[in-house]
**Student:** 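I'd like to ask some things about the structure below.
Order of the sequence lines fixes the chain letters, A, B, ..., with proteins taken first and strands second; residue numbering starts at 1 for each chain.
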Amino acid sequence: MALAPARISMPAEAKKGEIVEIKALVRHVMETGYRTDNRGQPIPRDIIKSFTVTYAGEEVFGMELNPGVSANPYVIFTTVATETGELVFTWTDQKGAATVERKLLAVVG
Amino acid sequence: MNAFRAAIGAGWLAALTALSVVPAGAQEVPRAPVSGSAFLSQELKAMQADAFANPGVLWLEEGERLWSAVDGKAGKSCQSCHGDAKQSMKGVAARYPAFDAASGKLLNLELRINDCRSRRMVAEPYRYETNELLSLTAYIAAQSRGRPMAVDVTGPAAPYFERGKALFSQRQGQLNLSCAQCHVDRAGQRLRGDTISHGVGVGYPVYRIEWQSAGSLHRRLRACAFGVRAEQADSGSPDYLSLELYLAKRAEGLAIDAPAIRK
């Protein structure tokens with residue numbers, strides 16, 4: 001199953017050299033694998049393993065996620081606006097299925 | 001995002017105004033003074049008001065997508081009949097649960113959606129507590145954000161209301177507690193790490209931190225039943241619908257603030 005929808009909040013444009021804050025939220029159960037259901041059967045682990053962001057082709061943020069991370073991981077990070085380019089957000093779950101979102105950051109002035 | 005905040009702010013204002021104008025003795029039902037959102041920490045209140053950080057909005061957005069998604073043999077979506085939800089669904093959640101003459105039953109928003117699906121769209125009704133049903137419910141409920149609750153408990157809805165009223169004050173479970181003993185007598189006091197709410201459902205479906213997910217009012221009712229070690233009824237059962245109607249009547253005048261956040 002493809003991952004559930006993700007949401008990204010960031011400015012559409014920034015000045016060269018400006019620090020931009022980027023917020024990313026994805027819906028995912030992040031099931032730890034340590035819990036049991038109401039019949040005592042273990043609930044299989046189902047987590048996102050990695051979250052990476054590239055900006056104009058270059059990786060600007062990378063994160064490894066573990067079972068301790070809550071459901072619907074919400075990440076805020078900053079980067080420096082260098083050139084007009086696309087930010088590609090990739091969440092990859094443990095089975096290798098990926099959710100990809102793209103946002104353009106225009107650098108002005 | 002600002003509009004979202006403003007709507008929440010307006011909701012609070014409406015709630016306060018409604019409080020001050022409720023005539024004494026107009027109804028024998030004691031009114032709940034505030035929504036459960038009032039007992040959230042500052043951080044959670046901020047999270048709830050922030051349209052990006054509030055995880056409940058994930059469901060709301062999926063609901064917006066489902067609203068116009070064609071499903072079923074009739075080849076219709078919600079939008080085919082109801083048009084733009086932002087117009088047509090405004091204030092609808094404030095009237096639910098409501099008696100439906102066609103099916104002769106009391107329906108809450110969830111069951112109304114499923115009723116529409118099976119009768120109008122000729123599609124499979126969603127199972128209770130699925131993301132699809134929660135999403136559509138959240139989307140529809142959010143269109144009434146800030147509107148005061150105003151359910152009709154007269155006429156054919158009256159027996160459900162009486163049943164709900166009786167259930168609310170009936171002791172149950174191994175702990176032998178009624179809803180009223182916590183949510184009326186001890187509302188505002190602490191129960192372990194949380195503050196006991198007045199027991200109103202104006203924020204539902206909510207994103208509950210404990211569940212790490214959105215959940216329906218009936219899931220909350222089941223959780224309460226579990227807490228007092230009572231037998232849990234099924235979500236969507238007549239008893240829970242009756243209770244929901246009674247809670248809605250108690251919440252009369254309180255502003256809807258779905259999707260809210262709860263601990």
Side-chain angles (χ1 to χ4, degrees), chain A residues 1-12 20-40 42-48 51 53 61 65-79 87 89 91 93-94 97 99-103 105, chain B residues 1-5 43-44 46-69 129-136 138-139 142 205-215 219 222-223 225-227 229 231-235 259-263:
Chain A
M1 186 194 89
L3 293 177
R7 301 166 63 213
I8 290 151
S9 165
M10 58 177 252
V20 289
E21 188 184 68
I22 297 161
K23 302 176 184 177
L25 179 64
V26 66
R27 193 171 94 188
H28 196 277
V29 291
M30 293 298 286
E31 187 59 59
T32 63
Y34 298 120
R35 302 196 307 159
T36 53
D37 64 15
N38 55 11
R39 289 165 181 267
I43 305 173
R45 176 178 296 182
D46 179 11
I47 61 168
I48 294 175
F51 172 47
V53 183
F61 184 85
L65 289 91
N66 291 298
V69 177
S70 78
N72 314 313
Y74 177 24
V75 176
I76 305 175
F77 65 95
T78 56
T79 190
L87 279 94
F89 301 77
W91 291 265
D93 77 4
Q94 58 182 40
T99 288
V100 182
E101 287 281 334
R102 294 161 194 278
K103 288 265 179 184
L105 180 65
Chain B
M1 196 176 290
N2 281 334
F4 186 84
R5 266 207 196 110
E43 291 79 8
L44 288 180
M47 190 174 167
Q48 176 173 314
D50 183 339
F52 190 83
N54 184 342
V57 179
L58 284 167
W59 276 262
L60 195 152
E61 283 182 346
E62 192 186 342
E64 187 169 8
R65 191 180 57 75
L66 288 171
W67 179 263
S68 54
E129 221 53 48
T130 51
N131 279 329
E132 288 83 1
L133 188 54
L134 286 170
S135 299
L136 263 179
Y139 182 57
V206 300
Y207 184 86
R208 194 158 174 237
I209 307 290
E210 184 188 325
W211 295 334
Q212 300 260 298
S213 163
R219 182 172 177 189
R222 283 173 59 83
F226 183 82
R229 302 181 200 166
E231 205 170 307
Q232 294 166 303
D234 290 331
S235 292
I261 289 182
R262 293 291 180 270
K263 275 171 85 180

**Student:** Record all donor-acceptor atom pairs with a distance under 3.5 Å between chain B and chain A; write none if the list is empty.
**Tutor:**
{"residue": "B:A51", "atom": "O", "partner": "A:R7", "partner atom": "NH2", "Å": "2.7"}
{"residue": "B:F52", "atom": "O", "partner": "A:R7", "partner atom": "NH1", "Å": "3.2"}
{"residue": "B:E61", "atom": "OE1", "partner": "A:R7", "partner atom": "NE", "Å": "3.1"}
{"residue": "B:E61", "atom": "OE2", "partner": "A:R7", "partner atom": "NE", "Å": "3.2"}
{"residue": "B:E62", "atom": "OE1", "partner": "A:R27", "partner atom": "NH1", "Å": "2.6"}
{"residue": "B:E62", "atom": "OE1", "partner": "A:R27", "partner atom": "NH2", "Å": "2.7"}
{"residue": "B:Y207", "atom": "OH", "partner": "A:N72", "partner atom": "ND2", "Å": "2.7"}
{"residue": "B:Q212", "atom": "OE1", "partner": "A:A71", "partner atom": "N", "Å": "2.6"}

**Student:** Between A:I76 and chain B, which part of the residue has a heavy atom less than 4.5 Å away: side chain, backbone, both or neither?
**Tutor:** neither
**Student:** Would you say A:F77 has more than 12 foreign heavy atoms packed within less than 6.0 Å of its CZ?
**Tutor:** yes
**Student:** Not counting sequence neighbours, which residues clear side-chain contact (heavy atoms from CB on, under 4.5 Å) with A:V69? List them please.
**Tutor:** A:M30, A:L65, A:P73
